[in-house]
Student: 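What follows is a structure written as structure tokens; I'll ask about it next.
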Amino acid sequence: MPTLTITPPSDYLLARDACSYGYFLLAPNHWRVETGRFETAMLLPGGAVAVRVMQVLKGGGRAKPGAALRVWTSRAMDAQDRARCRARLVRSLRLDEPSSVIAAFHVLDPRWKPTGRGRLMRSGTLFEDMVRTVTSCNVAWPNTVNMNRQLCRHYGLSACDVRQAGAWPEGFDHPFPAASRVARLRPGNLRGRCRVGYRDVRLVELARLVVRGAVNEAWLADPATSEDDVRLALLELPGIGPYAAANIMQLLGRYGQIPLDSESVRHGRTVLGMTGSSAQIMKRVDKHFAPFGAHKFRSYWFELWQFYEAKRGPSWTWDRQRTGASFTAAKL
DNA sequence: GGTAGACCTGGACGC
DNA sequence: GCGTCCAGGTCTACC
């Protein structure tokens, strides 16, 4: 079977670090609870490929931080596709974030040092992260799950992809659609098939901007680019408001802002004991986490995550079909 | 600059 | 089974 090996940072634990943000529950991502393996799919220049990642186990059947990642792929790949596949996984699993950054976070907020929490998984591409963010706005989580599933199902594989990939492996979702595919869609078709509602025009416009090269990931992620400039640039994009911009910023590796939403208000009220209107609580939550500076979002997020895990158990035990799809703030 | 209302979907609820 | 209400963030019009 075609395989790759990736050496992760010395603190990296696949189960903990892949299951660290809701996107690990969205198609085509699939954490296999029973085997402790992360599955996904991606479109590469040479065609679609299904991917399964496992961490090499040490004695006792437990993974050791920093142990190698073995990557199975559904087809043999040339050097270019192997490099792209590796780069997608590095981005998605945040393997490009040095252990020293996580250690610095633990110095600032020692609460997470015992568990080692610090990394947040994301998507293989910025376009995916943007679409997922837009599909998470103004809906309950099960709707987000459904929109992403339908996007992969209807637009993940073209006939050409199927020919190139051969028989698509059973049990794997189709890849997330490329921006070039979404850019060619009629908004009405996208709405009808994927149940994205009024987001249809915004998603197609966003894809067209990405295809035209109007979204410069290198510039957005560059530490030399100011937070304000990044935020303003993101707010210019269709479907991206204050919440989405802040969320995309953390997905870009900028953790200094909190995407404030109804979940922030719930957390402020139920966990932090805050009172007042939603707008007042959002401001107070923001202020509460201000001391964590450049790691503000990490401190906020892992507090939320800890709350979820207290209710539902460790995130790597969440089954995508049951726990993952039923997850709504209102039911917590 | 601040605010009200429309935009869609799917779940909850009442009948 | 049907109709109504509600939650959710963004966008536009209006003050």
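Bear in mind the structure is a predicted one, so any value in this text is a computation, not a measurement. So you know, we letter chains A, B, ... as the sequences are listed, proteins then strands, and number each from 1.
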Student: Once you round it to whole Å, what is the distance between C1' of dC8(B) and CZ of R191(A)?
Tutor: 7 Å

Student: In whole Å, what is the span from the CG atom of D200(A) to the C1' atom of dC11(C)?
Tutor: 14 Å

Student: Can you tell me how far P of dG8(C) sits from CG of N247(A), to the nearest Å?
Tutor: 16 Å

Student: Is the phosphate of dG11(B) approached by N143(A) (side-chain N or O, under 4.0 Å from OP1 or OP2)?
Tutor: no

Student: Rounded to the Å, how far apart are L260(A) CG and dT10(C) P?
Tutor: 11 Å

Student: Using atom CD of Q150(A) as one end and atom P of dT9(B) as the other, report the distance to the nearest whole Å.
Tutor: 13 Å

Student: Any side-chain heavy atom of N29(A) sitting closer than 4.5 Å to one from M121(A)?
Tutor: yes

Student: Just wondering, do Q257(A) and F297(A) contact through their side chains at under 4.5 Å, heavy atoms?
Tutor: no

Student: Validate the cation-pi geometry between R181(A) and Y155(A): distance from NZ or CZ to the six-membered ring centre under 6.0 Å, angle to the ring axis within 45°.
Tutor: no

Student: Please evaluate the base of dG9(C) for a donor-acceptor partner in the side chain of Y198(A) within a cut-off of under 3.5 Å?
Tutor: yes

Student: Please state whether the phosphate of dT10(C), meaning OP1 or OP2, lies under 4.0 angstrom from any side-chain nitrogen or oxygen of R202(A).
Tutor: no

Student: Between F302(A) and R117(A), is there a cation-pi geometry (under 6.0 Å to ring centre, at most 45° from the normal)?
Tutor: no

Student: Within the structure, does a side-chain N or O atom of R195(A) lie under 4.0 Å from either OP1 or OP2 of dC8(B)?
Tutor: no

Student: To the nearest Å, how far apart are M147(A) CE and dG9(C) P?
Tutor: 12 Å

Student: Rounding to an integer number of Å, can you tell me how far L190(A) CG sits from dC7(B) P?
Tutor: 19 Å

Student: Please tell me if S262(A) has a side-chain N or O lying less than 4.0 Å from either OP1 or OP2 of dA7(C).
Tutor: no

Student: Measure from the side-chain heavy atoms of N138(A) and tell me the nearest of dC8(B), dG8(C), dT10(C).
Tutor: dG8(C)

Student: Given atom CZ of R149(A) and atom P of dT9(B), what is their separation to the nearest angstrom?
Tutor: 16 Å

Student: Any donor-acceptor pair under 3.5 Å linking the side chain of R75(A) with the backbone of A48(A)?
Tutor: yes

